[in-house]
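First comes the structure, then the notes that go with it.
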Amino acid sequence: MVGLKPSDVPPPLGVKVLSAGTAACIADLVTFPLDTAKVRLQIQGETAATGAAKGIRYRGVFGTISTMVRTEGPRSLYNGLVAGLQRQMAFASIRIGLYDSVKSFYTRGKDNPNVGIRILAGCTTGALAVSVAQPTDVVKVRFQAQKNLQGVGRRYSGTMQAYRQIFQHEGLRGLWKGTLPNITRNALVNCTELVSYDLIKEAILKHKLMSDNLPCHFVSAFGAGFITTVIASPVDVVKTRYMNSPPGQYRSSLNCAWTMMTKEGPTAFYKGFVPSFLRLGSWNVVMFVSFEQLKRAMMITRTHMSSCFKFL
């Protein structure tokens, strides 16, 4: 990422990939209830509730969390966590860990790439990550959407059972359902998130408002989270609804978007905006701060180990 001093040794690819995946898992553990609340708000109104779920209505992020805890228990906030962590290790390690390397590839090793190159690198790693990690995202969203209520049937009982059942009933297409809107969404998220973080951090350091430390990382990540939420929310809602839908409900992601527009109006595309921002903003802060610290810790450990081996 930007901000390394000239005397610093750039971390190798393996360190960046491992740091990114680990930092993303830490961020998911902290912010997962907000993500679950966002999914519940995004799918609300999609289908008529039945049985015990009929009288349940979600209002706002904290109201949704409160309602879920009251009606389903606190564990419901972490529905799909296993798939979420699998997703981050497969997804963030590619989209974030490879970002600098892809950026250097497009510039042929030159420093200070322009905004266009940064956006291209972010879109590339975002699309590549989705292509690999899409099944984990499908399972995560479906677990977050299902209600833990008496009298309401559960679609899946466990993560591995969900992968098997989706493959058996829907084939490989089911596991990669919603890939197009997810690639669109994550290309937008990735390039906006990483480029915004890059540019904000670069501006802070250039104007000497802060040094390259935790407060600088916090401000850069928070700003990147807000910008990303504004741009990516409409695609995120379509992605969530389409991936959660049973076979045949929508012909395609575009049909899903059109159905939302005609039945619920344009505000449907910003359902769950507040939890999206709270989740994405806090996720960015935890992830980027953890990422920067993990990279430095791994580089220090690597340097110490190299010194020890030289001494031996």
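Worth knowing before you read on, the calculation uses all heavy atoms, side chains too, and leaves out hydrogens, waters and symmetry mates.
- The shortest distance between side-chain heavy atoms of Leu280 and Glu193 falls below 4.5 Å.
- Scored by the salt bridge (charged side-chain N to carboxylate O under 4.0 Å, His left out) test, Asp28 finds Arg279 as partners (sequence neighbours excluded).
- Within the 3.5 Å criterion, the main-chain N or O of Ala133 finds no donor-acceptor partner in the side chain of Arg87.
- Dense packing is recorded around CZ of Phe269, with more than 12 heavy atoms of other residues, nucleotides or ligands lying under 6.0 Å away.
- Tyr99 places none of its side-chain heavy atoms less than 4.5 Å from the side chain of Arg95.
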Assess the residue pair Thr36 and Asn79 against the criterion (side-chain hydrogen bond (donor to acceptor under 3.5 Å, both in side chains)); give the C-alpha distance rounded to whole Å, side-chain angles, the decisive distance to 0.1 Å, and a yes or no. CA-CA 7 Å; Thr36 303; Asn79 277 355; over 6 Å; no

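- Put simply, the side chain of Asn284 does not reach to within 4.5 Å of the side chain of Tyr197, judged on heavy atoms.
- Other residues, nucleotides and ligands contribute more than 12 heavy atoms inside 6.0 Å of the CE atom of Met261.
- Leu205 is listed as a side-chain neighbour of Cys216, based on a closest heavy-atom distance under 4.5 Å.
- The shortest side-chain heavy-atom distance between Thr136 and Phe91 does not fall under the 4.5 Å cut-off.
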Should Tyr163 and Gln86 be marked as a side-chain hydrogen bond (donor to acceptor under 3.5 Å, both in side chains) after you check the CA-CA gap, both sets of side-chain angles, and the distance that decides it? CA-CA 12 Å; Tyr163 287 119; Gln86 291 171 347; 2.8 Å; yes

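- Checked by atom type and distance alone, the side chain of Ser19 never pairs as donor or acceptor with a backbone atom of Lys16 at under 3.5 Å.
- Here the side chain of Gln88 pairs no donor or acceptor atom with the backbone of Thr22 at under 3.5 angstrom.
- Looking at Arg142 and Gln165, their side chains never come closer than 4.5 Å, going by heavy atoms from C-beta outward.
- Aromatic ring centres of Tyr78 and Phe143: separated by at least 6.0 Å.
- Screening Arg40, Lys38, Arg241 for a side-chain contact (heavy atoms from CB on, under 4.5 Å) with Lys271, the sole residue that qualifies is Arg241.
- A heavy-atom distance below 4.5 Å is not found between the side chains of Phe105 and Thr124.
- Taking the six-membered ring where tryptophan is involved, the planes of Phe273 and Tyr270 are tilted, since the angle between them lies from 30° to 60°.
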